[in-house]
Amino acid sequence: MRRSLLLLPLCSVLALFAGCGNKGPLYMPKTTPAATVHPATPAAPAAKPVAAAVPAALTPAPVHGFVTDMTAFDAFIAAHPTPEQFKAAYPDVLLVLPGTIATREMRSNNSRYFAELDANGRITGGKFM
């Protein structure tokens, strides 16, 4: 009985120190000199940016709620939309991109889509979880 009472404070002290290590050295980042501000010189008139031609298939009306029409959703993903286009088309579906921290619990209501991206940052596929 006495031994367990003596080990209790020792265990709590060890638990406190267990979370303290391996944080790396603490240092102050080097300061960089502030950029000097030069007056703006008028340049040649800028050409109007050419609006990116976005196919009508990639700009559908927003679908509110979770995904229920899987054929329309699969056709939308087959057009390789950007994450911004996905968020505009399906604003209520949580888009989880590679590198984003998220839990992986199973959701059966198609409310969270784990996307796979190509080299250009377009959605090429994925799955609901």
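- Put simply, Phe128 and Leu97 are part of the same group of oily side chains (I, L, V, M, F, W, Y) that touch within less than 4.5 Å, one to the next.
- Clustering ILVMFWY residues whenever any of their side-chain heavy atoms sit less than 4.5 angstrom apart, transitively, puts Val67 in a cluster other than the one holding Met106.
- Scanning for salt bridge (Lys or Arg N to Asp or Glu O under 4.0 Å) contacts around Glu105 gives Arg107, Arg112, with sequence neighbours left out.
- The two residues Gly121 and Pro83 have their closest heavy-atom pair at O-CD, 3.3 Å.
- Both Met129 and Leu94 belong to a common hydrophobic cluster when Ile, Leu, Val, Met, Phe, Trp and Tyr are linked at side-chain heavy-atom distances under 4.5 angstrom.
- The shortest heavy-atom contact between Phe66 and Asp92 is CE2-O, 3.6 Å.
- A distance below 6.0 Å separates the ring centres of Tyr113 and Phe73.
- Side-chain contact between Glu116 and Pro98 is absent, with no heavy atoms from C-beta onward closer than 4.5 Å.
- Of the options Leu95, Thr82, Asp118, a side chain to side chain contact (heavy atoms under 4.5 Å, CB included) to Ile123 is made by Leu95 and by none of the others.
- Linking Ile, Leu, Val, Met, Phe, Trp and Tyr residues whenever their side-chain heavy atoms come within less than 4.5 Å leaves Val96 and Leu117 in two separate clusters.
- Separating the CG atom in Asn110 from the CG atom in Asp69 is a distance of 11.0 Å, to the nearest 0.5 Å.
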Q.
Between Val93 and Lys87, is the side chain to side chain contact (heavy atoms under 4.5 Å, CB included) condition met? List the steps.
A. CA-CA 8 Å; Val93 176; Lys87 291 174 186 174; over 6 Å; no

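- The minimum heavy-atom distance between Phe76 and Pro81, with the atom names listed, is O-CD, 3.4 Å.
- Under the ring-ring contact (aromatic ring centres under 6.0 Å, His included) criterion, Phe114 pairs with no residue, sequence neighbours left out.
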